[in-house]
Protein chains: 2
Amino acid sequence: MLGEIRDALTRGRLLLITARCTIHYEGRISSILPEGERIILIKQDRSVNIIQPQGVLPVNYMKEGSRVSLEEDETSHEPVLLIEHERLREQMRVILHRILDVKSYTLHDPARIELLGTEKDMHEYIYQHPELISPDFKPFSREEQTKYGYIDILGHDGQGNLIVVECKRGQADYTAVVQLERYVKRLAEERGVSEEKIRGVLAAPSMSEDAKAYLREKGFIFKRVQPPERRVRVKRQKGLDAWLGRA
Amino acid sequence: MLGEIRDALTRGRLLLITARCTIHYEGRISSILPEGERIILIKQDRSVNIIQPQGVLPVNYMKEGSRVSLEEDETSHEPVLLIEHERLREQMRVILHRILDVKSYTLHDPARIELLGTEKDMHEYIYQHPELISPDFKPFSREEQTKYGYIDILGHDGQGNLIVVECKRGQADYTAVVQLERYVKRLAEERGVSEEKIRGVLAAPSMSEDAKAYLREKGFIFKRVQPPERRVRVKRQKGLDAWLGRA
DNA sequence: ATATAGATCTCGTCA
DNA sequence: TGACGAGGTCTATAT
């Protein structure tokens, strides 16, 4: 199995090692993951994931561009994966106590994920449906990375006031208000307008009470805007066995 | 290979499927990942990762507690993994165009990762070395989830002023200042003290200029505190081949 | 390289 | 359960 590991490393293949191992990381922080059975995944870009049998995210990882080598522990003589990232000054040491399985592949996957329903999509929808903000809202700029900052939507009302809209696809919190405040301030400075002539609007499906209080204090407005509708309505089903029986 | 998939699903085993596939997700957002060769990882807690041969993080995922079933596409008759999370109202559909490999394991890994050098460690260090903040700093409370909020370190100086310290293990940005501002405000309210009697200190290794300006505006102080020292000094090495030659 | 902000953020913790 | 804050956050984008 060490032969296959060595081969996969030289050939730049994706490598999956299932093993009882101990993992040390040092870099931005130090970490120790005590002995346990888990999967070491070395990807084709030489990023590395340490994957426990539970938990959504990899418990340990190294970023792309790491250098991976197979060595031997000086004292225990166990095989060790040494993973180093020079530029980031990080390293990981995987002590392989018992290798359960080794697999390697060269996969071809140039596909990129496409997301629908992001905050950007929300801007665009509001831009097309300004009445969601107010009956007299006339948006004229959208996420344009202007010198005023990363303002989601900029527009005006019928009375010559500027309207700054900050969108959040989830519940808006205190920091969203601060962001809005910042944009309003910048805009007032840049345009030489008083802050009273600028209306700040926070558009989100919901907002915590603390954040709402702070918003009111700043004189801004919360506008409830539903995020793109969920299409999933998972219905009650029988257990796994029943499902498998159907397959 | 479908047999092994079915078996691993019924037995609650960790399942690795290497396949050319297309993935649809709907839940908090919608996503499509077009056809490509990648790994489908179904963990023992029934969380799911879709892993491309490059990139640090899984490109698609489902959280623990999903229900996984193997079905057949109604039109193409290709095998499909249907992954549903009832409580979170999320679902994923993995159309398996070509299965390259299937592996399953039952792994035992109760270990939890231990981190050294976190922000919490930084609080503790400063608490033990208050002179890092100021010669007259007397800390008396540390990350204690008081009614004043999640204040990192609370103390006083020789002149009866309260000192609130907010720590950041990385570069502090303006959101750190906002956090500090919030704590100072809360504390002033709770104790019926004027905000002038409270000194806000931001302790971090560095700070962006924008954030510094905002900090000064608020009358707070930046205190440069080095995070726990990096132990890694990865030295220049020869290429991968040389390393493998040594192994 | 730095700065900013979104993310299906995730994860832990506490009321 | 919701709220809040850390995270080795990661990732994309603009300066």
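Letters A, B, ... are given to chains in the order of the sequence lines, protein chains preceding strands, and every chain is numbered from 1. On a predicted model such as this, the values are computed, not experimentally measured, just so you know.
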Using a cut-off of 4.0 Å on non-hydrogen atoms, how would the nucleic acid contact of [X] be classed: base, sugar-phosphate, or nothing?
| X | answer |
| --- | --- |
| Thr175(B) | nothing |
| Ser31(A) | nothing |
| Leu88(B) | nothing |
| Glu64(A) | nothing |

With a 4.0 Å limit, can you tell me whether [X] has a side-chain N or O closer than that to the phosphate oxygens OP1/OP2 of [N]?
| X | N | result |
| --- | --- | --- |
| Gln171(B) | dT2(C) | no |
| Arg112(B) | dG12(C) | yes |
| Lys63(B) | dT8(C) | no |
| Tyr61(A) | dT10(C) | no |
| Tyr150(B) | dA15(C) | no |
| Arg89(B) | dT8(C) | no |
| Lys168(A) | dG6(C) | yes |
| Tyr174(B) | dA5(C) | yes |

Mind checking the [atom1] distance from [N] to [M]? Whole angstroms is fine.
| N | M | atom1 | value |
| --- | --- | --- | --- |
| dA5(C) | dC9(C) | C1' | 12 Å |
| dG8(D) | dC14(C) | C1' | 25 Å |
| dG6(C) | dT10(C) | C1' | 14 Å |
| dG7(D) | dA7(C) | C1' | 13 Å |

Atom-pair distance ([atom1] on [X]; [atom2] on [N]), nearest Å:
| X | N | atom1 | atom2 | result |
| --- | --- | --- | --- | --- |
| Ile29(A) | dG7(D) | CD1 | P | 6 Å |
| His123(B) | dG7(D) | NE2 | P | 8 Å |
| Asn60(B) | dA7(C) | CG | P | 15 Å |
| Arg186(B) | dA15(C) | CZ | P | 13 Å |
| Lys120(B) | dC14(C) | NZ | C1' | 14 Å |
| Glu114(A) | dA12(D) | CD | C1' | 16 Å |
| Arg93(B) | dT8(C) | CZ | P | 22 Å |
| Met207(A) | dG2(D) | CE | P | 18 Å |

5'-most contact on DNA chain D (nearest-nucleotide basis), Glu209(A) vs Met92(A), goes to Glu209(A)
* Under 3.5 Å, is there an N or O donor on one side and an acceptor on the other linking the side chain of Glu119(B) and the base of dG7(D)? -> no
query = Quick check: does any side chain N or O of Arg224(B) sit under 3.5 Å from a backbone N or O of Ala204(B), one acting as donor and the other as acceptor?
reply = no
- Task: Give a yes or no answer on whether the side chain of Asp152(A) reaches the backbone of Cys167(A) with a donor-acceptor pair at less than 3.5 Å.
- Result: yes
Whichever of Arg87(A) and Ile113(A) has the more 5' nearest nucleotide on DNA chain C, that residue is Arg87(A)
Residue pair Gly55(A)/Gly117(A) against DNA chain C: nearer the 5' end by closest nucleotide is Gly117(A)
[X] side-chain proximity, nearest of [options]:
| X | options | answer |
| --- | --- | --- |
| Gln179(B) | dG8(D), dG5(D), dA5(C) | dG5(D) |
| Arg28(B) | dT8(C), dC4(D), dA14(D) | dT8(C) |
| Leu57(A) | dA6(D), dT8(C), dT10(C) | dT10(C) |
| Ser208(A) | dG8(D), dC10(D), dC4(D) | dC4(D) |
| Asp210(B) | dG8(D), dA7(C), dT4(C) | dT4(C) |

Test salt bridge (charged side-chain N to carboxylate O under 4.0 Å, His left out) applied to Glu189(A) and Lys185(A), step by step: CA-CA 6 Å; Glu189(A) 280 174 29; Lys185(A) 279 214 168 95; over 6 Å; no
Please say whether the positively charged group of Arg182(B), taken as NZ for Lys or CZ for Arg, lies over the ring of Tyr174(A), i.e. under 6.0 angstrom from the six-membered ring centre and within 45 degrees of the axis.
yes
Between Asp173(A) and Thr175(A), does the side-chain hydrogen bond (donor to acceptor under 3.5 Å, both in side chains) criterion hold? Intermediate values first, please. CA-CA 6 Å; Asp173(A) 61 10; Thr175(A) 64; 2.7 Å; yes
Sorted by chain and residue number, the salt bridge (charged side-chain N to carboxylate O under 4.0 Å, His left out) partners of Lys63(B) (sequence neighbours excluded) come out as none
Practice task
Could you walk me through whether Glu37(A) and Tyr105(B) pass side-chain hydrogen bond (donor to acceptor under 3.5 Å, both in side chains), step by step?
Solution key: CA-CA 10 Å; Glu37(A) 291 171 348; Tyr105(B) 312 94; over 6 Å; no
